[in-house]
Amino acid sequence: MTTIKTATRLNAYLPHYNNDINQVFKELKRVGINYVDINFPQQTIGIPAAKMKQMLQQNDLCPNGMEMRFEDHYLNGDLSNLDDRIYRDAIEMCKKAADYCHAIGGTMINIWSAHDGFDYSFQIDYLKVWQRIVKACQEIADYAPDIKFSIEYKPYEPRAYAFVDSMGILGMMLKDINRPNFGVLLDYCHMLMKHENPAMGAALFANQKELFGVHINDGYGVHDDGLMVGTVTPFKTLEFLYYMKKYDFDGMYYFDTAPVIENPSQETAKNIEMLKYLLNLLDRIGMDHIETIIQENDAIKARELLLEFMKN
């Protein structure tokens, strides 16, 4: 099997290492992680890009890019804020992230607009918000055309309704943004929360060459549980990974899991172990065999395939 690109949440580790990011990098190397995504700007404060690049190289870690994290002064909107000062601030922050990403050798920036949404009927002008987000994304894309920008959607939390809440809405928005360096990052838990089938999103976006990244985890579909990979919905996870393999996804698997009681290194090790196990299981059963079952469109045969997975 070719080397799998993996990363995990730095903020799960930082409290255990006195917020010393270099010590976290050493631990990530030890546990088997090979790529890094950095929350921007929080995890770059006080660390010049040259220093960050040096620490990554010293620990044999590759920079993937940045994860945008908008702070609380954006509570009434990030890339849709009606206050032009805050709106411009959000756009400029994405541009600064692109500069930092360039400087450390990264290639991707993921945008999760936590506060772009609404809580009440008659609260927002939907078309105006749509147009502001599209315009912001176009400006950001044109500022750094060699960087891949992804939008990570989520149906709700922290707002009652997120504005970009589903594969359908994001697919429509990407058409309006109309930039080749803008795509999607699929968060497995977020898709379960929306009652989407993650495999469907993987197939549709990958086929369009719009799938730029993946946050892999697991949950029960109500909250953003961030549980260990394959622990709640293993068959859905297998189908999700099947389409990643089918469409030759060569991006990074980011373990967006949230250890609270668990030791973060032990959890990361188990996530790596599970990801490799499931990918190898697909190979043992056979991609061609799985494709044949799918083309039969037969629930009974699909059920038999699940038994084959269990026996292997």
Side-chain angles (χ1 to χ4, degrees), residues 5 35 37-41 63-70 74 77-82 84 86-117 124-154 162-187 190-191 196 200-215 243-244 247-252 254:
K5 300 175 183 177
Y35 276 73
D37 262 7
I38 300 165
N39 285 5
F40 191 90
N64 183 60
M66 324 304 294
E67 298 270 344
M68 298 305 302
R69 291 294 180 266
F70 297 97
Y74 295 102
D78 307 316
L79 296 178
S80 71
N81 203 296
L82 298 182
D84 284 334
I86 299 176
Y87 177 67
R88 289 304 317 169
D89 183 60
I91 293 172
E92 292 305 315
M93 192 168 89
C94 291
K95 291 180 179 180
K96 290 177 182 176
D99 293 340
Y100 199 99
C101 189
H102 276 133
I104 66 172
T107 59
M108 182 174 161
I109 293 175
N110 180 46
I111 300 173
W112 172 51
S113 297
H115 309 107
D116 285 333
I124 65 170
D125 181 329
Y126 304 106
L127 183 57
K128 186 174 184 179
V129 167
W130 181 279
Q131 291 170 340
R132 285 177 81 80
I133 294 174
V134 168
K135 184 178 179 182
C137 290
Q138 289 174 332
E139 181 176 339
I140 294 163
D142 293 342
Y143 177 79
D146 58 333
I147 293 286
K148 284 186 173 183
F149 292 90
S150 61
I151 296 176
E152 175 186 355
Y153 68 85
K154 187 178 182 180
F163 194 80
V164 182
D165 72 336
S166 61
M167 67 172 81
I169 291 294
L170 180 51
M172 291 172 60
M173 181 162 281
L174 289 177
K175 296 298 183 287
D176 278 8
I177 294 171
N178 193 29
R179 296 294 188 275
N181 59 327
F182 244 90
V184 59
L185 182 143
L186 295 178
D187 184 295
H190 296 180
M191 301 180 84
E196 294 176 340
M200 179 179 174
L204 295 178
F205 285 115
N207 181 62
Q208 295 294 321
K209 309 300 182 185
E210 293 175 334
L211 181 58
F212 290 178
V214 170
H215 284 181
Y243 283 102
M244 306 298 282
Y247 290 101
D248 299 318
F249 176 74
D250 64 352
M252 185 187 67
Y254 179 99

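Predicted model only: the values in this text are computed from it and were never measured.
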Any side-chain heavy atom of [X] sitting closer than 4.5 Å to one from [Y]?
X      : Y      : answer
Ile109 : Phe149 : yes
Met200 : Met191 : no
Tyr254 : Tyr35  : no
His102 : Asp146 : yes
Asn64  : Lys5   : no
Met66  : Lys96  : no

Measuring from [X]:[atom1] to [Y]:[atom2], what's the distance to the nearest 0.5 Å?
X      : Y      : atom1 : atom2 : value
His215 : Leu185 : NE2   : CG    : 4.5 Å
Met108 : Met252 : CE    : CE    : 7.0 Å
Leu186 : Phe205 : CG    : CZ    : 6.5 Å
Glu139 : Leu79  : CD    : CG    : 10.0 Å

Distance-only polar pair, side chains of Glu67 and Asn110, donor-acceptor under 3.5 Å:
yes

Is a side-chain donor-acceptor pair under 3.5 Å present for Asn81 with His115?
no

For the pair Phe70 and Tyr74, name the ring-plane relationship: parallel under 30°, tilted 30 to 60°, perpendicular over 60°.
perpendicular

Closest contact, heavy atoms only, [X] versus [Y]:
X      : Y      : result
Trp112 : Glu152 : CD1-O, 3.5 Å
Cys94  : Ile111 : SG-CD1, 4.3 Å
Asp78  : Ala90  : O-CB, 3.5 Å
Ser80  : Ile133 : CB-CG1, 3.7 Å
Val214 : Phe249 : CG2-CZ, 3.9 Å
Ala97  : Met68  : CB-SD, 3.4 Å

Mark yes or no for whether Asp116, through its side chain, and Gly77, through its backbone, hold a donor-acceptor pair below 3.5 Å.
no

Check: Ala114 main-chain N/O paired with Lys154 side-chain donor or acceptor under 3.5 Å:
no

All N/O donor-acceptor pairs, side-chain side in residues 167-183, below 3.5 Å, sequence neighbours left out:
unit_1 : atom_1 : unit_2 : atom_2 : d
Asp176 : OD2    : Trp130 : NE1    : 2.9
Arg179 : NE     : Asp142 : OD1    : 2.8
Arg179 : NE     : Asp142 : OD2    : 3.4
Arg179 : NH1    : Ile177 : O      : 3.2
Arg179 : NH2    : Asp142 : OD2    : 3.2
Asn181 : ND2    : Ala141 : O      : 3.1
Asn181 : ND2    : Ala144 : O      : 3.2
Asn181 : ND2    : Ile147 : O      : 3.2

Heavy atoms of other groups near Lys135 NZ, more than 12 under 6.0 Å:
no

Neighbour count >12 (heavy atoms, 6.0 Å) for atom NZ, Lys95
yes

When you check the gap from the basic side-chain N to the acidic O, do Arg132 and Asp84 get nearer than 4.0 Å?
yes

